[in-house]
Chemist: 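Have a look at the structure that comes next, please.
Note that these values count all heavy atoms, side chains included, but never hydrogens, waters or copies made by symmetry.
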Amino acid sequence: MRILVVEDDASVSHWISSKLHRSGHSCKLVDNGRDALRLIREEVFDVILLDRIIPIIDGIQLLRLLGTEPHPPILILSANDQTSDRIEGLQAGADDYLGKPFDFTELLLRLERLYYRTKQIASSNLIKIKDMMINLERHEVTRSGQLIDLTNKEFKLLYVLAEHPGQTVTRSMLLEKAWGYHFDPQTNVLDVHLSKLRQKLDAGSKTTIIRTIRSVGYALG
């Protein structure tokens, strides 16, 4: 899992990060709600671990600002663990709530549960985004009911974007998933394929379904 840890206590965040790394997961640490909101909108994470009391924008405000925006599942980790606190957090949009102090094994199980639940939903043979339907079993894509003929590479690029609908997928992630590059080579191969993919997807439509997020990457939907 790629996990965003939002926690302003450095000792706690580094302890959690260390334990998660040893469990085979990668983490990004941030200590305030403003930077967390920016990262959630700009990068792709599998789950988010969110402290409730953080500077600038607190956890509840952050959840409300995200609202219906596409984002990964969020687990609140907080010393505020009264029934009313948990109800408020879940009503604001959190997917799970765990009080401090906590057992790391339980925390890891809860994070993995959120991750696999999301993956099970995404693993359906059909993915619908706006007026576009992707059939993973048949490798078919339709938009407004019209079949779109894609190459294998174009389909792969579209699938990588569709795994994270509405979220920004970086160039490096697209290159890694579609070509196996673990770096951004000095080539326009991605731009060429994405340009052709966009032309095919947008033909006959008034709206563009793949958005460019300047200097970062691309978002579908």
Chemist: Where do Ile129 and Ile209 come nearest, in terms of heavy atoms and distance?
Modeler: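 Closest approach of Ile129 to Ile209: O-CD1, 3.8 Å.
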Chemist: Between Asp191 and Arg171, does at least one N-O distance fall below 4.0 Å, as a salt bridge requires?
Modeler: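 A salt bridge is present here (some side-chain N lies under 4.0 Å from a carboxylate O).
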Chemist: Using a 6.0 Å cut-off, check whether atom CD of Gln61 has over 12 heavy atoms from anything other than its own residue.
Modeler: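 Yes, enclosed.
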Chemist: Quick one: does Ser78's side chain have a donor or acceptor within less than 3.5 Å of a partner on Asn80's backbone?
Modeler: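 Such a contact is found between Ser78 side chain and Asn80 backbone.
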Chemist: What I want to find out is whether Lys177 reaches Glu163 closely enough, with some N-O distance under 4.0 Å, to be called a salt bridge.
Modeler: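 No, Lys177 and Glu163 are not salt-bridged.
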Chemist: Is a side-chain N or O of Thr170 found less than 3.5 angstrom from the main chain of Val216, in a donor-acceptor match?
Modeler: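 Checking the backbone N and O of Val216 against the side chain of Thr170, no donor-acceptor pair under 3.5 Å is found.
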Chemist: Please say which of Arg198, His193, Lys200 ends up in a side-chain hydrogen bond (donor to acceptor under 3.5 Å, both in side chains) with Glu154.
Modeler: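 Going through Arg198, His193, Lys200 one by one, the side-chain hydrogen bond (donor to acceptor under 3.5 Å, both in side chains) with Glu154 is satisfied by Lys200 alone.
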Chemist: Do the side chain of Asp95 and the main chain of Ile74 share a donor and acceptor less than 3.5 angstrom apart?
Modeler: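 Yes: the side chain of Asp95 pairs with the backbone of Ile74.
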Chemist: Atom CG of residue position Asp103 - does it have more than 12 heavy atoms of other residues, nucleotides or ligands inside 6.0 Å?
Modeler: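 Result for CG/Asp103: enclosed.
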Chemist: Assess whether a salt bridge exists between Asp131 and Arg143, defined as any Lys/Arg side-chain N lying under 4.0 Å from an Asp/Glu carboxylate O.
Modeler: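 A salt bridge is present here (some side-chain N lies under 4.0 Å from a carboxylate O).
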Chemist: Does Asp58 have any side chain to side chain donor-acceptor pair (under 3.5 Å) partners at least two apart in sequence or in another chain, and if so, which?
Modeler: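 Residues passing side chain to side chain donor-acceptor pair (under 3.5 Å) with Asp58: none at all.
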Chemist: Taking Ser13 for its side chain and Ala10 for its backbone only, find out whether a donor-acceptor pair lies under 3.5 Å.
Modeler: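 Side chain of Ser13 to backbone of Ala10: a pair is present.
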Chemist: Just wondering, are more than 12 heavy atoms of other shown residues or ligands nearer than 6.0 Å to NZ in Lys128?
Modeler: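 Result for NZ/Lys128: enclosed.
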Chemist: Quick check: closest heavy atoms across Ile40 and Pro72, and the distance to 0.1 Å?
Modeler: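 Shortest heavy-atom contact: CG2-CD, 4.4 Å.
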Chemist: Which one of Asp85, Asp51, Asp81 satisfies the salt bridge (charged side-chain N to carboxylate O under 4.0 Å, His left out) criterion with Lys100?
Modeler: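 Only one option passes, and that is Asp51.
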Chemist: Do other residues, nucleotides or ligands put more than 12 heavy atoms under 6.0 Å from Arg86 CZ?
Modeler: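 Yes, the 6.0 Å shell around CZ holds more than 12 heavy atoms from other groups.
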Chemist: Supply the atom-to-atom distance Gln199 CD to Thr208 OG1, rounded to the nearest 0.5 angstrom.
Modeler: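 Separation between the atoms: 11.5 Å.
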Chemist: Ignoring hydrogens and geometry, is there a side-chain-to-backbone donor-acceptor pair from Lys19 to His21 under 3.5 Å?
Modeler: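 Not a single qualifying donor-acceptor pair exists.
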Chemist: Show the nearest heavy-atom pair for residues Asp8 and Pro55, with the distance to one decimal.
Modeler: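 That would be CB-CD, 3.6 Å.
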Chemist: For Ser84, give me all partners under side chain to side chain donor-acceptor pair (under 3.5 Å), at least two apart in sequence or on another chain.
Modeler: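 Ser84: no side chain to side chain donor-acceptor pair (under 3.5 Å) contacts found.
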Chemist: Write down the atom of Arg41, the atom of Thr168, and the distance for their closest heavy-atom approach.
Modeler: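 Heavy-atom minimum between the residues: O-OG1, 3.0 Å.
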Chemist: Is it true that a side-chain atom of Ser205 and a backbone atom of Thr207 form a donor plus acceptor pair closer than 3.5 Å?
Modeler: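 Confirmed, Ser205 side chain pairs with Thr207 backbone.
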Chemist: Would you say Lys196 has more than 12 foreign heavy atoms packed within less than 6.0 Å of its NZ?
Modeler: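 Result for NZ/Lys196: open.
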